[in-house]
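To keep things clear, I will list the structure first and then write my remarks on it.
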Number of protein chains: 4
Amino acid sequence: MSLPKPAAQSAILSAARTEFAQKGLAGARVAEIAERAGVNKQLLYYYFGSKDQLYRAALEDVYAEIRAMERKLELDQSPPEEAMAALVGFSFDYLAQHPDFIGLLNHENAHGAQHVRTSPAIRRTNSPLVELIASTLRRGVRAGVFRKGIDPIELYISVAGMSYFFFSNRLTLASIFDRDLARPEAIDSYRRHVIATALAGLRR
Amino acid sequence: MSLPKPAAQSAILSAARTEFAQKGLAGARVAEIAERAGVNKQLLYYYFGSKDQLYRAALEDVYAEIRAMERKLELDQSPPEEAMAALVGFSFDYLAQHPDFIGLLNHENAHGAQHVRTSPAIRRTNSPLVELIASTLRRGVRAGVFRKGIDPIELYISVAGMSYFFFSNRLTLASIFDRDLARPEAIDSYRRHVIATALAGLRR
Amino acid sequence: MSLPKPAAQSAILSAARTEFAQKGLAGARVAEIAERAGVNKQLLYYYFGSKDQLYRAALEDVYAEIRAMERKLELDQSPPEEAMAALVGFSFDYLAQHPDFIGLLNHENAHGAQHVRTSPAIRRTNSPLVELIASTLRRGVRAGVFRKGIDPIELYISVAGMSYFFFSNRLTLASIFDRDLARPEAIDSYRRHVIATALAGLRR
Amino acid sequence: MSLPKPAAQSAILSAARTEFAQKGLAGARVAEIAERAGVNKQLLYYYFGSKDQLYRAALEDVYAEIRAMERKLELDQSPPEEAMAALVGFSFDYLAQHPDFIGLLNHENAHGAQHVRTSPAIRRTNSPLVELIASTLRRGVRAGVFRKGIDPIELYISVAGMSYFFFSNRLTLASIFDRDLARPEAIDSYRRHVIATALAGLRR
DNA sequence: AATGAATGAGAGTTCATTCAT
DNA sequence: TATGAATGAACTCTCATTCAT
């Protein structure tokens with residue numbers, strides 16, 4: 001981490017992330033990843049050992065990235081309601097802008113989270129976002145604007161779920177309801193709905 | 001469709017549903033499905049033509065099933081808030097009890113909903129649940145208990161999302177938060193959280 | 001065994017025997033075996049599962065064959081010295097005519113006899129030849145022409161060794177001594193030497 | 001050759017000898033040899049050019065070693081029978097103590113002695129042992145204790161064969177006869193058998 | 001309706017070797 | 001003298017699919 005990795009290594013990681021997000025572990029093609037990265041196929045093995053280990057590395061990479069983003073959030077000074085709205089908004093926006101993350105999570109879940117569960121690197125790092133949610137909740141309760149008894153993890157899951165499902169199932173939903181959910185207005189309208197719903201659930 | 005299918009055919013369909021739900025289209029093995037169904041591998045081809053068509057059939061099967069369940073709901077007589085709580089609860093419970101459905105949806109989304117989009121059988125059938133939500137919303141607005149301007153599709157997406165994410169990402173979440181989300185109490189607690197959050201968002 | 005195997009199966013087995021004998025397990029090429037057998041490469045996997053299992057099958061096949069040959073020997077009526085000379089001669093001649101057997105044994109030994117050791121089919125079957133040697137030894141001792149105290153297994157090993165080494169190392173030896181050991185006269189001369197040496201060691 | 005080689009070079013040679021002896025030319029891994037020798041993989045290429053040339057070097061090395069040992073034998077003063085027994089014993093003991101030599105020979109034979117045949121270094125050097133056998137035979141014949149007409153090369157082959165086969169096929173034989181041939185007593189007993197058999201074949 | 005035999009295409013991976021420093 | 005990075009060729013094996021009955 002401290003030494004600069006060879007450029008090839010991060011090119012591979014980046015290509016892998018995209019390919020795995022789109023096609024999953026089984027569906028992804030090693031040759032395709034190599035080509036996207038502009039390197040020889042065997043270099044993947046030189047650096048990562050196997051397709052499986054490359055997948056794991058890509059997964060850890062994407063988790064590290066989102067946690068780095070979360071760590072940048074600074075909302076301690078804002079009023080609790082504003083802060084919470086910002087957190088929900090951040091969560092929504094991050095997914096809106098990182099389809100790779102959704103793709104990887106989708107596949108990971110589809111396979112029982114095997115890799116997440118066995119990756120110390122992922123398990124080790126706490127989620128800064130959940131901790132921010134927890135502290136904001138406490139501030140809101142103290143300020144008398146939020147109900148007591150809200151579980152921060154449950155809150156996180158419901159907020160993440162509302163956003164995640166929208167993006168992960170967007171195409172399925174769009175097809176079934178015959179409504180184009182990719183339009184900026186559609187996204188923005190749903191974003192407001194999510195924030196409103198989340199906050200409504202917190203008020204006394 | 002109206003005639004009773006040969007036993008072998010539904011055995012295949014059932015095995016396919018499980019296998020595809022667990023491993024996705026690319027990861028599933030035709031040989032494995034045949035073995036689970038207790039039939040010769042070639043029978044799949046005899047009945048369904050190809051792996052892809054079998055996947056599609058399994059997908060349509062699972063959609064038909066959930067819509068049949070939805071169609072049984074009769075909540076016109078209940079007060080709007082009760083009815084809405086029941087709808088949210090139904091949505092949550094169905095996912096709790098049908099991991100196959102989640103698995104298939106996950107894979108489907110992971111691959112751009114290609115099959116859902118091109119399946120007339122799926123697109124043709126409206127979702128009875130969304131229609132029930134819409135009518136219940138209208139009743140609630142009329143009765144003065146719900147806000148105006150709630151979009152039923154957005155409401156459906158947020159409700160489904162809160163539930164779906166919990167079950168689809170349960171293992172990932174359990175691992176990251178180190179909390180066993182499979183315990184009945186954990187499920188029940190989150191169920192109440194979802195219903196409370198959904199309804200809070202509707203009230204005036 | 002009781003049902004006639006598909007022709008392809010024994011064609012594969014035969015081709016495998018030759019290829020493995022010539023190049024060993026690591027050096028042999030699955031594609032080459034398939035081509036020699038005139039079948040599709042994947043049929044090997046259909047029938048034998050893997051290169052390793054095919055190697056094992058070929059090894060068992062070759063052992064079964066030599067034991068079948070040994071079982072045909074009937075020397076109970078001959079005088080002990082004649083019988084023993086015949087046994088030594090048989091052992092020599094068999095190797096002379098079955099380079100595949102030598103090749104397979106060579107490779108097997110070179111790798112610690114891993115497959116022989118773990119093949120119940122090979123370990124189960126006793127060597128009829130060693131039993132014949134033992135009984136002939138006993139007859140000779142009783143008749144007063146052979147010494148007491150000769151161990152039949154040691155005798156077998158020394159006899160087999162004299163023959164085996166000649167054929168297995170023939171090319172190396174020929175090169176070092178600059179003498180063509182493939183000439184029929186050379187073979188015949190050495191054959192007589194082996195029989196004479198073996199019998200000399202037995203006489204009182 | 002006359003100058004002391006760099007340490008790395010002989011470390012490679014030694015590692016190569018072991019690896020090739022155990023796995024043969026095809027089965028040996030260049031990376032494994034480098035690791036055993038504690039050097040970078042590319043150094044093998046720097047010194048030896050290719051895997052094949054390294055194999056050849058290891059083979060020549062091992063031949064040079066055995067010939068150096070043979071050259072040390074001084075038996076001109078002993079009575080012919082004693083001298084011959086010592087020669088047979090030496091041949092047996094050398095193999096007992098140099099499994100690498102057996103391994104390399106095994107592989108070499110398994111592949112038609114290609115490298116021995118084309119190595120001037122190996123072909124050039126006569127075998128001191130065979131010459132000693134020849135001279136001892138002549139002395140014995142002159143002394144009236146050995147038969148006339150024994151071919152020294154045939155004698156050498158049979159003696160080497162009895163020993164070589166025991167060690168090279170030890171594991172196979174042990175497995176088939178269910179007798180532990182690695183026990184010191186088993187080795188010693190067979191050693192006596194070999195010497196007795198060889199000498200019996202020479203007596204008038 | 002049902003099956004064992006057989007196949008073609010392509011996937012992941014290994015491995016000796018070379019490049020560049 | 002020594003090495004980390006990179007590559008091309010080839011190999012084993014998997015898998016959906018078809019043939020023939």
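Naming: A, B, ... by sequence-line order, numbering from 1 per chain. As a basis for the values below, the full set of heavy atoms in this structure was taken, side chains included, without hydrogen atoms, waters or symmetry mates.
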Point to revise | Identified stems (criterion: three or more consecutive Watson-Crick or G-U pairs, under 3.5 Å), DNA chain E | key: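 E:2-21 with F:2-21 - these are the stems of 3 or more pairs that involve DNA chain E.
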
Atom [atom1] of [X] and atom [atom2] of [N]: how far apart are they, to the nearest Å?
X	N	atom1	atom2	result
B:L43	E:dG4	CG	P	11 Å
D:Y55	E:dC15	OH	C1'	19 Å
A:Q53	E:dG12	CD	P	15 Å
D:K51	E:dC15	NZ	C1'	8 Å
C:L54	F:dC13	CG	P	10 Å
D:N40	F:dA5	CG	P	11 Å
C:Q42	F:dC19	CD	P	17 Å
D:L44	E:dC15	CG	P	15 Å

Practice item. Name the residue closer to the 5' end of DNA chain E, choosing between B:G38 and A:A26 according to the nucleotide with the nearest heavy atom. Key: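 Whichever sits nearer the 5' end wins; that is B:G38.
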
Check your understanding: Can you find an N or O donor on one side and an acceptor on the other, under 3.5 Å apart, linking the side chain of B:K41 with the base of E:dT3?
Key ->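 Such a pair does not exist between side chain and base.
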
Just to be sure I understand the rule, does [X] reach a base, reach only the sugar-phosphate, or reach nothing, if contact means heavy atoms closer than 4.0 Å?
X	result
B:Y46	base
B:A28	sugar-phosphate
A:F48	nothing

Exercise for review: Answer yes if the side chains of B:N169 and A:N109 hold a donor-acceptor pair under 3.5 Å, and no otherwise.
Suggested key: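 Judged by distance alone, the side chains do pair up.
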
Exercise for review: Show your reasoning for whether side chain to side chain contact (heavy atoms under 4.5 Å, CB included) applies to C:L44 and C:V39.
Suggested key: CA-CA 8 Å; C:L44 312 202; C:V39 302; 4.2 Å; yes

Check your understanding: Do A:F20 and A:L59 come within less than 4.5 Å of each other through their side chains, counting heavy atoms only?
Key ->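 A:F20 does not reach A:L59 side chain to side chain.
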
**Study point:** Residue of the set C:R17, C:H107, C:E108 for which side chain to side chain donor-acceptor pair (under 3.5 Å) holds with C:Y55
**Key:**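 When side chain to side chain donor-acceptor pair (under 3.5 Å) is applied between C:Y55 and each of C:R17, C:H107, C:E108, only C:E108 qualifies.
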
**Study point:** Of A:V39 and C:S50, the one whose closest DNA chain F nucleotide lies more 5'
**Key:**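 By nearest-heavy-atom nucleotide position, the 5'-most residue is A:V39.
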
Check your understanding: Taking the nucleotide of DNA chain F with the closest heavy atom to each, which residue, C:Y45 or B:G49, is nearer the 5' end?
Key ->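 Here C:Y45 is the residue nearer the 5' end.
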
Review point. Is the distance from OP1 or OP2 of F:dT12 to the nearest side-chain N or O of C:R29 less than 4.0 Å?
Key: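 For F:dT12, OP1/OP2 do have a side-chain N/O of C:R29 under 4.0 Å.
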
Review point. Within the structure, does a side-chain N or O atom of C:Y47 lie under 4.0 Å from either OP1 or OP2 of E:dA6?
Key: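 Yes, such a contact exists.
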
Check your understanding: Do the charged groups of D:E19 and D:R29 touch, with an N to O distance under 4.0 Å?
Key ->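 So D:E19 does not pair with D:R29 through a salt bridge.
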
**Study point:** Salt-bridge criterion met for C:E32 and C:R36 (N-O under 4.0 Å)
**Key:**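 Answer for the salt bridge query: yes.
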
Check your understanding: Between D:L25 and D:H115, is a side chain to side chain contact (heavy atoms under 4.5 Å, CB included) present by the stated rule, with each step listed?
Key -> CA-CA 11 Å; D:L25 177 51; D:H115 293 85; 3.6 Å; yes

